[in-house]
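Structure in structure tokens, see below.
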There are 2 protein chains.
Amino acid sequence: MTESQSQKPDYERELRNAGVRITRPRRVILGILSDAGDHPDAMEIFRRAVAIDASISLSTVYRTMKLLEGVGAIHRHAFEGGPSRFEPAIGEHHDHLIDIETGDVIEFQSDRIEELQQEIARSLGYDIVHHRLELYGRKRRKR
Amino acid sequence: MTESQSQKPDYERELRNAGVRITRPRRVILGILSDAGDHPDAMEIFRRAVAIDASISLSTVYRTMKLLEGVGAIHRHAFEGGPSRFEPAIGEHHDHLIDIETGDVIEFQSDRIEELQQEIARSLGYDIVHHRLELYGRKRRKR
DNA sequence: AATGCAATTGCAAATCGTTTGCAACTGGAA
DNA sequence: TTCCAGTTGCAAACGATTTGCAATTGCATT
Ligand SMILES: [Mn+2]
Ligand SMILES: [Mn+2]
Ligand SMILES: [Zn+2]
Ligand SMILES: [Zn+2]
């Protein structure tokens, strides 16, 4: 396997090109997002950021998330109940299954479902701009 | 077509059986929900309620929605951005397509997608408790 | 029909997640 | 280095929803 497909996005480059200033707080937040394997919310990102640079504020986390969402660098999820959660917009599209007991988020992907969504939308005279598919469930009890 | 399948749910009966007290505010709110053809939010329900009984409070609307959701009489939707929106839990299950330009909500149903969701969940070792499928799109530009 | 009391209400204040005004600060082009 | 528009931290504001509390009211019981 070559490293042609980096797992961690080079945000700094990407953002510079988008004409965004790379500041200290942003560099810290970008680093956190780059190697987050989960779907942290703003407060969690803030905690991780403060551990690196105590002067970072929650406001800046929120402002940065909004900016990154705006340039398409991250995705915002509004899972049931809780606050917005984020993840880098790398790799192929996927949807989520949320374990309603543990809160675990499991990713999955179904070309078939994606196709069907398109069909449905167009049969209704619409083009899909984006969508949201979330399954909420619990581990199947062993039989 | 007979009237064997009532379009408007008989909430009062349903709730009495569930051991819920039928108060004046509740009766008004239930009436509004019964013949709401749309997906109103709490504030909208409040407005419609006040038009019938000026003494109803927004708190009571919120408390009643929570109660009705709890007994499964209504569904709560958290469409992108806005506040929670509600609809009677009658008829067959359906999902929604939201017109991102007008805010219109269009209902649709796909047995195929529902099946695929089940398959996916069980392949991941889960039972689906509920799910959420929302398509956000815009009217296809006429070609 | 009158009684009794837990359930329900309206109101105001609180809460939660998020946004914003503002004065101080800083990245990075020149 | 200078310079200033962009960015920051802070505190206050925000919108949606929830909650404490004292007053009211369903409704089961006499
Ligand atoms: Mn994900
Ligand atoms: Mn609907
Ligand atoms: Zn998808
Ligand atoms: Zn569905």
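We name chains A, B, ... by the order of the sequence lines, and we start the count at 1 in each one.
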Checklist entry - Could you state the CG-P distance from A:Leu58 to D:dG9, rounded to the nearest angstrom? => result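 After rounding, the gap between these two atoms is 10 Å.
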Checklist entry - In whole angstrom, what separates B:Leu15's CG from D:dC27's C1'? => result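 For the pair B:Leu15 CG and D:dC27 C1', the rounded distance is 16 Å.
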Next on the checklist: Looking only at the side chains, is there a donor atom on one of B:His93 and B:His131 sitting less than 3.5 Å from an acceptor on the other?
Outcome noted: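 Distance-only check passes for B:His93 and B:His131.
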Item to check | Axis bend over the full length of the helix from C:dA1-D:dT30 to C:dA30-D:dT1, computed from five pairs that close each end, to 10 degrees | outcome: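 About 30° separates the two local helix axes.
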Item to check | Rounded distance in Å - CZ (A:Arg27) to C1' (C:dG28) | outcome: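 After rounding, the gap between these two atoms is 12 Å.
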Pull out every protein N or O sitting under 3.5 Å from an N or O of nucleotides 2-5 of chain C, one pair per line with the distance.
none

Checklist entry - Taking B:Tyr126 for the side chain and A:Leu135 for the main chain, is one N or O donor matched with an acceptor at less than 3.5 Å? => result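 It does not hold such a pair.
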Checklist entry - Taking B:Arg48 as the fixed residue, which of B:Asp35, B:Asp53, B:Asp38 is the one that meets the salt bridge (Lys or Arg N to Asp or Glu O under 4.0 Å) rule? => result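 Looking at B:Asp35, B:Asp53, B:Asp38, the match for B:Arg48 under the salt bridge (Lys or Arg N to Asp or Glu O under 4.0 Å) is B:Asp38.
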Item to check | Salt bridge present between A:Glu69 and A:Lys66 (N-O < 4.0 angstrom) | outcome: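 No, this pair does not count.
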Checklist entry - Of the nucleotides D:dT8, C:dT8, C:dT18, which one has an atom closest to the side chain of A:Pro25? => result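 The answer is D:dT8.
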Item to check | A:Thr23, nearest nucleotide to its side chain (from C:dT20, C:dG27, C:dT8) | outcome: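 It is C:dG27.
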Item to check | Selection from C:dT8, D:dA16, D:dT8 that lies nearest to any side-chain heavy atom of B:Arg26 | outcome: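 Side chain of B:Arg26 sits closest to C:dT8.
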Item to check | Residue-phosphate contact under 4.0 Å: A:Tyr62 side-chain N/O, C:dT18 OP1/OP2 | outcome: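 Indeed, a polar side-chain atom of A:Tyr62 lies that close.
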Item to check | For atom CZ of B:Phe46 and atom P of D:dT18, their distance in whole Å | outcome: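 In whole Å, D:dT18 P lies 16 Å from B:Phe46 CZ.
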Checklist entry - Does atom CZ of B:Arg138 have more than 12 heavy-atom neighbours, drawn from other residues, nucleotides or ligands, at distances under 6.0 Å? => result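 No, the 6.0 Å shell around CZ holds no more than 12 heavy atoms from other groups.
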Item to check | Qualifying residue, where the test is side chain to side chain donor-acceptor pair (under 3.5 Å) with A:His77 and the options are A:Glu87, A:Glu134, A:Arg85 | outcome: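 The single option meeting the side chain to side chain donor-acceptor pair (under 3.5 Å) with A:His77 is A:Glu87.
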Checklist entry - Does atom CZ of A:Arg140 have more than 12 heavy-atom neighbours, drawn from other residues, nucleotides or ligands, at distances under 6.0 Å? => result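 It does: A:Arg140 CZ has more than 12 such atoms within range.
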Checklist entry - Do the side-chain N or O atoms of B:Lys66 get closer than 4.0 angstrom to the phosphate oxygens (OP1, OP2) of D:dT18? => result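 Result: yes.
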Next on the checklist: Please determine whether the number of non-hydrogen atoms from other residues, nucleotides or ligands lying under 6.0 Å from atom CZ of A:Arg27 exceeds 12.
Outcome noted: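 Check passes, neighbour count above 12.
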Next on the checklist: Using whole Å, what does the distance between atom P of nucleotide D:dT8 and atom CG of A:Asp53 come to?
Outcome noted: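 Whole-Å distance recorded here is 11 Å.
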Checklist entry - Of the nucleotides D:dG20, D:dC27, D:dA11, which one has an atom closest to the side chain of B:Arg63? => result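 The answer is D:dG20.
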Checklist entry - Atom CD of A:Glu80 and atom P of D:dA16: how far apart are they, to the nearest Å? => result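 Spelled out: CD on A:Glu80 to P on D:dA16 is 20 Å.
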Checklist entry - In whole Å, what is the span from the CG atom of B:Leu67 to the P atom of C:dT8? => result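 Taking CG of B:Leu67 and P of C:dT8, I get 7 Å after rounding.
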Item to check | Nearest-Å distance for atom pair CG/P, residues A:Leu30 and D:dT7 | outcome: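 So the two atoms are 12 Å apart, to the nearest Å.
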Item to check | Atom CZ of A:Arg122 with >12 non-hydrogen neighbours under 6.0 angstrom | outcome: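 Result for CZ/A:Arg122: open.
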Checklist entry - In Å, rounded to the nearest 0.5 Å, how long is the span from CG of B:Leu124 to NZ of A:Lys139? => result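 The distance works out to 10.5 Å.
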Checklist entry - Starting at the 5' end of DNA chain D and moving along, which residue's nearest nucleotide shows up first, B:Ile22 or B:Ser59? => result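 Final value for this comparison: B:Ser59.
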Checklist entry - So does A:Arg16 get a side-chain nitrogen or oxygen closer than 4.0 Å to the phosphate oxygens (OP1/OP2) of C:dG28? => result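 Result: yes.
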Next on the checklist: Counting only side-chain nitrogens and oxygens, does A:Arg24 get under 4.0 Å of the OP1 or OP2 atom of C:dT26?
Outcome noted: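 It does not, given that no N or O in the side chain of A:Arg24 lies less than 4.0 Å from OP1 or OP2 of C:dT26.
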Next on the checklist: For C:dT18 and A:Ser84 - does any side-chain N or O of the residue sit under 4.0 Å from the phosphate oxygens OP1/OP2?
Outcome noted: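 It does, given that an N or O in the side chain of A:Ser84 lies less than 4.0 Å from OP1 or OP2 of C:dT18.
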